[in-house]
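Pasting a structure below so you can have a look.
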Amino acid sequence: MRNPESLPPLGFKSQDDLVFHRALQMAANQYLQNNSDHRFADRRAYLKSGLLFLACLSSYGLMLISGGGIVFFIFYPLFIFFALLLAINVVHDASHNAVLRSAAANRILNFWITLPLGLDPDCWRVRHIIFHHAHTNIRYYDLDIEENFLLRQTPYQRWYPFMRWQHVYWPLIAAMTFPALIWGYDWFDRFNLTRVTPEMRHQGGRGTGLFLLSKGLHLIFALLIPYWLLSSAGIGLGTLLLVYLLSQMLASLVFIVLILGAHWAKATFYTAPDSGRMTHGFYTHTFSTTYDWQTTPRRLTYWLGGLNLHLTHHLFPHWHHRHYPALAGIIRQTAAQFGLDYHCISARELFRYQQQFLKRMGAGGKTER
């Protein structure tokens with residue numbers, strides 16, 4: 001068994017995809033030229049982000065002046081929910097430098113937008129871009145499929161009898177992802193307990209200081225201010241912590257369904273060869289591990305930051321999500337020309353494939369690939 005802490009760099013057989021890559025990029029660039037456009041966010045995207053920010057801030061303000069009671073229990077979860085939508089629509093793209101033209105401006109934007117949720121933007125960037133995007137569904141390389149001993153996500157992971165029921169209890173594990181990241185993995189990543197640490201942008205005292213500042217501001221914003229203003233109205237610390245946890249869990253469940261479900265549904269996993277080079281190309285790999293799926297109604301795609309068009313995102317990660325519907329059409333046409341299997345499935349099909357996959361993994365057995 002390989003030691004995950006000392007993995008060699010991994011590459012793909014690039015010549016397999018070179019002609020497809022050129023055709024796809026040419027079609028995408030032609031689309032921009034035809035519309036006199038660019039790949040970054042536009043005024044409409046800024047307006048959407050502003051509306052989500054106002055919704056988040058308004059929910060927070062209404063929660064603070066609620067005086068306790070039912071209004072608090074409605075608007076605190078709404079505050080976290082709109083914070084999630086902000087992260088989906090802004091942080092995800094900004095991590096890929098697809099919102100603003102300046103990488104530094106994208107980093108500053110991410111620092112402030114992630115405060116309500118409490119996620120560390122640099123930890124998220126490394127896990128999502130350097131490990132997941134570059135090595136989707138590859139054993140040891142993709143941290144999104146690391147073994148957690150609760151949910152069997154690949155045929156290479158250990159099986160326990162209770163996993164026969166993982167297709168039933170998986171939403172609980174998905175819901176715990178944000179709390180685990182915010183109060184567990186972010187800290188492990190920052191303080192050199194994982195493979196993420198060496199890849200983080202800021203090291204040493206600067207990195208630690210920014211990390212503690214962001215976590216401290218999150219605590220003040222999400223817990224201390226509400227407790228200070230509402231404790232006299234009967235919202236005790238225990239109640240506040242419970243509502244905070246449940247709100248984070250709901251946000252986590254929504255996010256995991258959007259971003260990880262497309263990989264579960266495809267259900268193709270790999271181990272890296274000893275040579276350090278996959279036997280197929282990057283595009284072939286992406287088509288074999290990722291789906292696009294369609295929301296109902298379709299306009300939900302706009303408010304979900306295009307995350308349902310997940311194959312499109314993996315092929316064009318540095319493009320703002322406002323382009324994804326057009327890019328998905330370009331991918332469909334180009335893939336047909338080269339015999340690549342492109343599907344955009346329905347949400348119902350996505351859920352059915354997820355359930356089939358979780359049942360199969362929960363039944364045990366191992367399939368080498």
Side-chain angles (χ1 to χ4, degrees), residues 39-42 44-60 77-100 106-107 109-129 132-133 144 171 174-175 177-179 181-182 186 214 218 222 247-264 290-314 316-325 327-328 347 350:
R39 66 179 178 86
F40 302 98
D42 61 2
R44 190 175 176 216
Y46 297 149
L47 177 60
K48 177 176 67 167
S49 300
L51 290 174
L52 289 173
F53 175 76
L54 287 176
C56 182
L57 192 62
S58 297
S59 298
Y60 184 74
L78 279 176
F79 149 60
I80 296 296
F81 178 73
F82 284 119
L84 171 69
L85 287 183
L86 261 178
I88 287 173
N89 281 276
V90 178
V91 174
H92 190 223
D93 281 326
S95 297
H96 290 279
N97 291 322
V99 175
L100 304 169
N106 282 312
R107 290 195 294 272
L109 183 65
N110 268 358
F111 178 87
W112 293 105
I113 295 295
T114 53
L115 286 181
L117 277 180
L119 291 170
D120 182 83
D122 203 19
C123 296
W124 155 256
R125 178 190 64 84
V126 173
R127 284 181 169 271
H128 179 66
I129 297 175
H132 172 65
H133 263 263
D144 283 358
T177 299
F178 274 10
L181 284 172
I182 295 166
D186 277 359
S214 69
H218 170 68
S247 300
Q248 292 280 6
M249 290 174 66
L250 176 61
S252 179
L253 177 59
V254 172
F255 185 75
I256 294 302
V257 168
L258 288 174
I259 203 168
L260 193 57
H263 300 301
W264 282 355
T290 315
Y291 269 125
D292 276 354
W293 60 277
Q294 195 55 261
T295 59
T296 303
R298 292 199 172 193
R299 61 180 173 271
L300 276 178
T301 295
Y302 180 70
W303 293 101
L304 294 178
L307 284 189
N308 55 296
L309 299 177
H310 207 58
L311 170 65
T312 301
H313 167 63
H314 271 256
F316 291 93
H318 302 300
W319 289 53
H320 190 266
H321 68 264
R322 67 187 177 91
H323 294 295
Y324 288 178
L327 290 172
L350 178 79

Is Phe81 atom CZ crowded by more than 12 heavy atoms from other residues, nucleotides or ligands, each under 6.0 Å away?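 It does not: Phe81 CZ has 12 such atoms or fewer within range.
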
Any residue meeting ring-ring contact (aromatic ring centres under 6.0 Å, His included) with Phe255, in chain and number order, not counting sequence neighbours: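 Listed in chain order: Trp124, Phe178.
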
Would the distance check show the side chain of Lys48 and the main-chain N or O of Asn89 forming a donor-acceptor pair, the cut-off being under 3.5 Å?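 Absent.
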
Passing candidate, side-chain hydrogen bond (donor to acceptor under 3.5 Å, both in side chains) with Asp93, options His318, Arg322, His321: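 Of His318, Arg322, His321, side-chain hydrogen bond (donor to acceptor under 3.5 Å, both in side chains) with Asp93 is met by His321 alone.
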
Closest approach of Asn106 and Ala94, non-hydrogen atoms and distance?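 Looks like CB-O, 3.5 Å.
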
Where do Gly305 and Tyr324 come nearest, in terms of heavy atoms and distance?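 Smallest heavy-atom distance, with atoms named: O-CE1, 4.1 Å.
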
Kindly indicate whether the side chain of Tyr46, heavy atoms from C-beta on, has any atom under 4.5 Å from the side chain of Leu100.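 The answer is yes; the side chains approach within 4.5 Å.
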
Has Thr301 got a side-chain atom pairing as donor or acceptor with Gly306's backbone, closer than 3.5 angstrom?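 Not at all, since once roles are kept as given, no pair shorter than 3.5 Å links the two residues.
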
Is there a side-chain contact between Leu258 and Trp293, using heavy atoms and a 4.5 Å cut-off?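 Touching, per the 4.5 Å side-chain cut-off.
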
Taking all non-hydrogen atoms of both residues into account, name the closest pair between Leu119 and Ile182 and its distance.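 Nearest heavy atoms, Leu119 then Ile182: CD2-CG1, 3.6 Å.
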
Reported CZ-to-CG distance for the pair Phe111 and Asp120, which is rounded to 0.5 angstrom: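 Rounded to the nearest 0.5 Å, the CZ-CG separation comes out at 9.0 Å.
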
If you look at every heavy atom in Ser59 and Leu78, which pair is closest and at what distance?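 Looking at all heavy atoms of both residues, the shortest contact is OG-CB, 3.8 Å.
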
Using 0.5 Å steps for rounding, measure from the OG1 atom of Thr177 to the CD1 atom of Ile256.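 Answer for the OG1-CD1 pair, Thr177 versus Ile256, is 4.0 Å.
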
Distance (rounded to the nearest 0.5 Å) between Leu327 CG and His320 NE2: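 Going from CG on Leu327 over to NE2 on His320, the span is 12.5 Å.
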
Would you mind reporting whether Trp303 and Leu52 have side-chain heavy atoms less than 4.5 Å apart?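 Leu52 vs Trp303: side chains touch.
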
Hey, what's the ring geometry for His133 with His96, parallel, tilted or perpendicular (30° and 60° as the breaks)?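 Perpendicular, since the angle between the ring planes exceeds 60°.
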
Contact summary for Asp186 and Cys123, nearest pair of heavy atoms: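 Shortest heavy-atom contact: OD1-CB, 3.5 Å.
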
Do Ser214 and Leu115 have side chains that get closer than 4.5 Å, going by heavy atoms?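 They are in side-chain contact.
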
Expected output: side-chain Ser252 to main-chain Gln248 donor-acceptor under 3.5 Å: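 Flag not set: sc Ser252 to bb Gln248 has no pair under 3.5 Å.
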
How far does OG1 of Thr295 sit from OH of Tyr302, to the nearest 0.5 angstrom?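 Reported to 0.5 Å precision, the distance equals 13.5 Å.
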
Do Val90 and Leu109 have side-chain heavy atoms sitting under 4.5 Å apart?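 SC-SC contact between Val90 and Leu109 confirmed.
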
Taking the six-membered ring for Trp, are His263 and His132 ring centroids under 6.0 Å apart?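 His263 vs His132: aromatic centres under 6.0 Å.
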
What are the two closest heavy atoms between Ile80 and Ala251, and how far apart are they?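 Closest approach of Ile80 to Ala251: CG2-CB, 4.0 Å.
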
Flag the pair Leu86 / Val91 as yes when at least one side-chain heavy-atom distance between them is below 4.5 Å, and no otherwise.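 They are not in contact (no side-chain heavy atoms under 4.5 Å apart), so the answer is no.
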
So His313 and Asp292, do their side chains get closer than 4.5 Å, heavy atoms only?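 Side chain of Asp292 against side chain of His313, heavy atoms only: no contact under 4.5 Å found.
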
Is any side-chain heavy atom of Arg125 closer than 4.5 Å to one of Arg107?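 When only atoms from C-beta onward are counted, Arg125 and Arg107 do not touch, as no gap falls below 4.5 Å.
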
Rounded to the nearest 0.5 Å, what's the gap from CG on Leu350 to OH on Tyr291? Could you check?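 Spacing of CG (Leu350) from OH (Tyr291) equals 9.0 Å.
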
Point-to-point distance, once rounded to the nearest 0.5 Å, from OG1 of Thr114 to CH2 of Trp112: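 That separation rounds to 10.0 Å.
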
